[in-house]
Amino acid sequence: MVVTATSIEKPASAEQLAKTLHDAATQKLAVIPVGGGRARGMGDPASRADVELHTTRLDRVIEHSQADMVVSVEAGITLEALQAELAKAGQFLPLDPFNSPGHTIGGLLASGWTGPLRMRFGSPRDFLIGIRVALPDGRLATGGGRVVKNVSGYDMMKLHYGALGALGVIVAASFKVFPRPMHDVTVTSDGGWEDTSRALATPVAPSALELFSDGRVLARYTGSPDAIKRVVGELGWKTADGAVWEEHSRHAHPTWARIGAPREKLRVLLDGLSDWWASPGAGVAHWAAPADASAVRAVRQKAEASGGSLVMLDAPDDFMRDVGAWGTPPETIAIMRNLKRAFDPDAVLNPGRFVV
Amino acid sequence: MLPEAVVAELRRIVGRESVIDSANDLRIFERDGSIEGAVPDAVVLASTTEQVARVMKVAAKHKIPVVPRGAGTGLSGGAVTIRGGIALQVTRMRRILEIDPVAQTALVEPGVVNQELSLVAAQHGLFYAPDPSSQKACTIGGNAAENSGGPHCLYYGVTTNHVLGMEVVLADGSVHWVGGDVPDRVGLDLCGVLVGSEGTLCAITKIKVRLLSIPPSVATLLAAFPNIETASQAVSAVIGHGIVPAALEMMDSVTVGAVEAHYHAGYPTDAGAVLLVEVDGIAESTRELMAAIGKILAENHGYGLREAQTPAERDLLWQGRKGAIGALGRIKPNYYLHDGVVPRSRLPQVLSAVGEIGEHYKLPVANVFHAGDGNLHPNILFDMRDHEVLHQVESAGEEMLRAVVELGGALSGEHGIGLEKSAFMPWIYSEDDLDAMHRVKDVFDPAGMLNPGKIFPDPSRKAVHLAGRTGLAVEAKWW
């Protein structure tokens, strides 16, 4: 049976949010943190849900230091609002998640969702330089700072990135941002896996390279105009409108999965499947899965055997319960559970939803 | 001194010769690259993961502190056994276990020397990006424990961006794999938390790292500036134009004088500061970027621009930079440096504060640092045989670090907090922040036996003695 949230809280400040979280935790009420709601379906269905804790009123840019190429924001700001602010200075955050628009920064950090640009820039794991998190005991804990290089204390950013709010609610974050590329060219072909291999072998690697199950390939080259001219000339593919990336980032499906695998094994894993798109340079694919639990299990088994994973990003509750969102727990699950207990001893945050 | 029975137990694990416990021999392991030292009770030279795990179990049973140790080149006292116990030396674990040229990864033991990995990977056209200036000696295990940086981290990122997974031994002697080379792994990012934990959460016994393709073209440029302020402004201008070079390093006139006398690398000794700029990629992009950078530097008071024409010339320029701290020995036998980081635009302010503090204490200061990252290295030069001066040196270093913090910076960019900066942690973190970090410590090492006395402030040991000379207003909290 699904327990629906009985209370919806939208605090206006980090302090208020921490207090609300603490109040709920004191009463052992289950708290579901919500940002833009774009990844609401991720994870197993929560075993309890008493309070929806929205971050959407925490939507300020705290500081954008253009010269330092560093930005600090509250967690409820949408990615689009942040990009608009950065664009004024010719800068951007290299993050282009699927199921856009409407993701909040906090939601993206908690869910760990990424997009095609990951191939060149990595994930936020690589450019998140500071974080502030509300904990169930009402404390606000900061890690990192607003400098681009920092080994002062433990890397608390890594602890919360991709943890789906299991250890705390992210209320603010700082990023290293990047200059808009001097030149940005997208080319396309219908050459399938063979053409992705060609693009991966060019002397300048593409910043994004996407392959679709129908064999279509999109490659995006950014940087020095002369270098791009040479590489694109060597490939000889058709030029595509850059707007194709925004269209691509809208991709999502009511039942869909993310597959992570060693790059060289991705092709075998996707063989025979339809309705997928992949970043072969990163080893990630997204699959609009059929409503057939055994088919999903079979792909997951193959993915896990290759050292990878299949995570359900959304599915009807019954299907999600049947298949499970996460697959086989990692070998270090006991350590992860200890960390969960250290930060959320009463298991009030997203109970039952994440692996811990 | 450890009880004889414990020493015997350790000898049964690693062999008789591999436990050092004579007072004379132990003194060799008293220090790392920083000032403060403490003699361990025993040094254990482990050769395998199994030995590390068994040593850890013995230590846990007898409640003996363990400090994992690589080459001992660290600059923050991270490898110093301040509470005694066992220095667990892993430099015998120095095999490169695997290089996968297709996946572009390497699996190495912790004692592999940083530069050696890049030399071996070069046979496959690959290299390991993080390049601390001590790369001829420092180990990959130590780099992972400290989350080390280096000149080329400006573009390529620091150690944590290149470590994919690790085999670690926890305080209870259990062995685990964390992370791996597949993206989007399920669960918490334990590998990310353990990199940079300075030996306080685990001992590292294997590391899987990402290798990158050696860029086909590299261009290196040296430029002189009238003073450190103009050079700092030029750094901001380059980055402000949207150019992120592979490396962007600065040296002041004191450093240039010492380097030139030592290496004859052609550094302009009349300059107030020099910048060393490197870009890499394919020839088309390096040419284009270097032309743009040259123009920006010239517009910002840069002169005497000289691009290395041959690989030998380039190597010599880098030898001067990476050997700079050694060359400073021509001025004074000892140096002490912090590696605070400021937002790049604050470089002129912080460097002028550093200069004033040096003058006040009448100590020569040589700046050689990662300007593109805002990562300072003010080397305070002194003679350790003069016992009076040591306290002055520490006070000057502390004031410089305080200036960094007051300008919105961080205590360390790549050297770690270790022993020397633990007392300053409350300058940048609240009690709640430190409490959250301590919860992580307690999960991995509940008895506090791994590298005790590091990272977290220990008020009983070291009082912060600040003269308050910087006179800079403390910045408003930024959240």
Side-chain angles (χ1 to χ4, degrees), chain A residues 62-63 65 67-70 72 90 112 125-126 132 139-142 145-156 158-159 161-163 172 179-180 182 203-204 223-224 226-227 230 258 260-262 264 282-284 307-309 311 326-327 330-333 335-336 338-339 342-343 355, chain B residues 102-103 146-147 149 153 157-158 160-161 176-178 180-190 192-193 196-197 216 236 239-240 242 281-282 284-285 288-289 341-345 373-375 408-414 416-417 425 428-429 432-433 436-437 439-440 442-443 455 478-479:
Chain A
I62 298 165
E63 184 182 28
S65 174
D68 300 322
M69 295 209 297
V70 166
S72 302
R125 187 186 188 273
D126 298 299
R132 188 158 171 82
R139 297 184 198 226
L140 285 164
T142 301
R146 55 173 170 166
V147 289
V148 296
K149 200 173 171 193
N150 191 350
V151 295
S152 311
Y154 295 148
D155 191 339
M156 302 303 273
K158 304 287 192 293
L159 187 68
Y161 178 70
R180 292 277 276 255
M182 291 189 272
V204 174
S224 144
D226 287 356
R230 176 182 147 193
R258 183 184 67 207
E264 66 278 11
V284 179
S309 65
V311 170
W326 305 101
E331 182 260 342
T332 46
I333 189 75
I335 302 171
M336 295 176 189
N338 288 341
L339 282 165
F343 284 86
V355 284
Chain B
V102 178
E146 298 293 322
N147 191 12
C153 294
V158 295
T160 191
N161 305 115
H176 306 272
W177 262 103
V178 293
D181 49 359
V182 176
D184 294 328
R185 299 177 62 81
V186 169
L188 300 175
D189 181 5
L190 300 183
V193 172
S197 62
S236 282
I239 310 260
I282 65 171
E284 282 84 348
S285 75
E288 199 171 9
L289 285 174
V341 194
V342 289
R344 201 181 297 114
S345 58
D373 291 319
N375 190 187
L411 294 174
S412 175
E414 52 185 19
I417 297 301
M425 285 287 271
I428 56 168
Y429 292 124
D432 289 350
D433 304 338
M437 290 184 195
R439 294 184 205 190
V440 176
D442 290 343
V443 163
I455 298 183
W478 52 289
W479 296 107

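Sequence lines set the chain letters: A, B, ... in the order given, protein chains first and strands last, and positions in each chain run from 1.
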Looking at A:A141, is its backbone amide N or carbonyl O close enough to the side chain of B:D432 to form a donor-acceptor pair, meaning the two atoms are under 3.5 Å apart?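 Absent.
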If you round to the nearest 0.5 Å, how far is CZ of B:R439 from CG of A:L159?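 Going from the CG atom of A:L159 to the CZ atom of B:R439 covers 10.5 Å.
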Which answer fits [X], side chain, backbone, both or neither, if we ask what part of it has an atom under 4.5 Å from a heavy atom of chain B?
X: A:V70; result: neither
X: A:I333; result: neither
X: A:P262; result: both

Pick whichever of B:I282, B:D181, B:I239, B:V102 has the most heavy-atom pairs under 4.5 Å with chain A.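 If we count pairs closer than 4.5 Å to chain A, B:I282 comes out on top.
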Below 4.5 Å from any heavy atom of chain A, which atoms of [X] appear? Answer side chain, backbone, both or neither.
X: B:V342; result: backbone
X: B:V186; result: both
X: B:L411; result: both
X: B:P183; result: both
X: B:E414; result: both
X: B:M425; result: side chain

Determine whether [X] and [Y] make a side-chain contact, defined as any pair of heavy atoms from C-beta on separated by less than 4.5 Å.
X: B:T160; Y: A:K158; result: yes
X: B:I417; Y: A:S152; result: yes
X: B:L190; Y: A:I335; result: yes
X: B:P343; Y: A:V147; result: yes

Can you list the residues that meet the ring pair (Phe, Tyr, Trp, His ring centres under 6.0 Å) rule with A:Y154, with sequence neighbours excluded?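 Testing A:Y154 for ring pair (Phe, Tyr, Trp, His ring centres under 6.0 Å), a comparison that skips the adjacent residues, returns B:F456.
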Member of B:V341, B:N147, B:V158 meeting the side chain to side chain contact (heavy atoms under 4.5 Å, CB included) criterion with A:V151: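 Among the candidates, only B:N147 passes.
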